[in-house]
Amino acid sequence: MNPPTNWEPHVDDSRPIFLQIAEQLEDDIVAGRLPEETQVPSTNELAAFLRINPATAAKGVNLLVDQGVLYKKRGIGMFVAEGARARLVAQRRDRFREQYLAPLLTEAERLGITPDQLATMIREDGR
């Protein structure tokens, strides 16, 4: 198995590579490119594709194993766990609320924008 077609053989030097691997796998699971019970690329495949140390690739994959997003089938490889997508979406929604919604509401309050006015603004700008 090769990495999904949307993967770029490029890593961002400003962030830990193992985190980028974990985030890319998470993105693929959330987007449905890696459905539940699908085998994910092996650490050796990821390492060869990204031209990194296999231990670094394993660290990213193991991060998701520790979170219960991936699980290992002995002698076969790593697979997307049942319910992984729903858990990741819930985590991302919580993170969205903390990172974007809370500061937005704080600034709106500071500017005297009511929740109704803010909702109207969002609907008018709707994408």
Side-chain angles (χ1 to χ4, degrees):
M1 161 174 259
N2 291 317
T5 55
N6 65 316
W7 282 51
E8 296 285 332
H10 169 74
V11 292
D12 177 0
D13 290 335
S14 67
R15 299 182 320 116
I17 296 170
F18 76 94
L19 287 178
Q20 293 176 58
I21 291 169
E23 289 169 1
Q24 184 64 58
L25 289 169
E26 283 183 1
D27 286 346
D28 288 342
I29 293 167
V30 169
R33 290 185 290 270
L34 286 174
E36 295 174 357
E37 301 301 329
T38 297
Q39 186 173 11
V40 300
S42 71
T43 55
N44 286 335
E45 289 170 328
L46 291 171
F49 182 72
L50 297 170
R51 298 181 184 168
I52 60 172
N53 187 313
T56 302
K59 191 172 178 181
V61 168
N62 287 334
L63 186 65
L64 297 178
V65 171
D66 292 345
Q67 295 172 359
V69 173
L70 302 179
Y71 71 97
K72 185 176 187 175
K73 283 187 181 177
R74 194 177 189 100
I76 299 175
M78 296 290 186
F79 289 79
V80 178
E82 191 172 312
R85 184 181 184 283
R87 283 195 306 277
L88 289 171
V89 168
Q91 288 173 0
R92 287 185 176 198
R93 285 181 178 178
D94 289 344
R95 196 176 323 141
F96 175 83
R97 182 181 208 122
E98 290 174 18
Q99 290 180 341
Y100 300 104
L101 190 56
L104 175 71
L105 292 171
T106 299
E107 182 66 10
E109 184 177 2
R110 197 177 297 143
L111 297 173
I113 300 170
T114 67
D116 286 341
Q117 290 170 321
L118 185 59
T120 299
M121 293 167 78
I122 291 170
R123 275 192 298 275
E124 288 174 354
D125 198 47
R127 295 179 195 161

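What you see below is based on every heavy atom in this structure, not just the backbone, and it leaves out hydrogens, waters and symmetry mates. Nothing here was measured: the structure is a model prediction, and the numbers come from that model.
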Discussion item. Under the criterion side chain to side chain contact (heavy atoms under 4.5 Å, CB included), I'd like the reasoning laid out for L104 against L118: C-alpha separation, chi angles, the key distance, then a yes or no.
Written reply: CA-CA 9 Å; L104 175 71; L118 185 59; 4.2 Å; yes
Worksheet item: Quick one: side chain to side chain donor-acceptor pair (under 3.5 Å) pairs with a partner in residues 84-94, sequence neighbours left out?
Response: D27-R92
Worksheet item: Between atom CD1 of I52 and atom OG1 of T43, what is the distance when rounded to the nearest 0.5 Å?
Response: 9.5 Å
Worksheet item: What pairs with R110 under side-chain hydrogen bond (donor to acceptor under 3.5 Å, both in side chains), at least two apart in sequence or on another chain?
Response: E107
Worksheet item: With side chains defined as the heavy atoms from C-beta onward, is the minimum distance between L50 and Q20 less than 4.5 Å?
Response: no
Item to complete: Mark yes or no for whether Q39, through its side chain, and I76, through its backbone, hold a donor-acceptor pair below 3.5 Å.
Response: yes
Worksheet item: Distance from T38 atom OG1 to D28 atom CG, nearest 0.5 Å?
Response: 11.0 Å
Worksheet item: Can you get from V69 to V65 by hopping between Ile, Leu, Val, Met, Phe, Trp and Tyr side chains that sit under 4.5 Å apart?
Response: yes
Worksheet, complete the sentence: Here the gap from L111 atom CG to T106 atom OG1, rounded to the nearest 0.5 Å, amounts to 11.0 Å
Practice prompt. Enumerate the residue pairs fulfilling side chain to side chain donor-acceptor pair (under 3.5 Å) with a member in residues 62-84, sequence neighbours excluded, ordered by first and then second residue.
Written response: E37-Y71
Worksheet entry | Test side chain to side chain contact (heavy atoms under 4.5 Å, CB included) applied to A102 - qualifying residues, sequence neighbours left out | none
Worksheet item: Are M121 and L101 linked, directly or through other ILVMFWY residues, by side chains that come within less than 4.5 angstrom of each other?
Response: yes
Practice prompt. State, to 0.1 Å, how close A57 and A47 come at their nearest heavy-atom pair, and which atoms those are.
Written response: CB-N, 4.2 Å
Practice prompt. To the nearest 0.5 Å, tell me how far I21 CD1 sits from L64 CG.
Written response: 10.0 Å
Worksheet entry | Worked verdict on I29 versus V40 for side chain to side chain contact (heavy atoms under 4.5 Å, CB included) | CA-CA 10 Å; I29 293 167; V40 300; 5.6 Å; no
Practice prompt. Identify the heavy atoms of P35 and V80 that sit nearest to each other, and give their distance.
Written response: O-CB, 3.5 Å
Practice prompt. Compare every heavy atom of A22 with every heavy atom of G60, then report the nearest pair and how far apart it is.
Written response: O-CB, 3.6 Å
Worksheet entry | side-chain hydrogen bond (donor to acceptor under 3.5 Å, both in side chains) partners for R51, two or more places apart | none
Worksheet item: Same cluster or not: are L19 and V61 linked, directly or through other Ile, Leu, Val, Met, Phe, Trp or Tyr residues, by side-chain heavy atoms under 4.5 angstrom apart?
Response: no
Worksheet item: Going only through I, L, V, M, F, W and Y residues with side-chain contacts under 4.5 Å, is there a path from L25 to F79?
Response: no
Practice prompt. Could you tell me the separation between the CZ atom of R95 and the OH atom of Y100, rounded to the nearest 0.5 Å?
Written response: 9.0 Å
Practice prompt. Examine distances only and state if a side-chain atom of E26 and a backbone atom of L88 form a donor-acceptor pair shorter than 3.5 Å.
Written response: no
Fill in: Spacing of T120 atom OG1 and D116 atom CG [to the nearest 0.5 Å]
6.5 Å
Worksheet item: Is the number of heavy atoms from other residues, nucleotides or ligands under 6.0 Å of E109 CD greater than 12?
Response: no
Worksheet item: Do V30 and L34 share a hydrophobic cluster, counting only Ile, Leu, Val, Met, Phe, Trp and Tyr and linking them when any side-chain heavy atoms are less than 4.5 Å apart?
Response: yes
Item to complete: With sequence neighbours excluded, tell me which residues meet side-chain hydrogen bond (donor to acceptor under 3.5 Å, both in side chains) with Q99.
Response: none
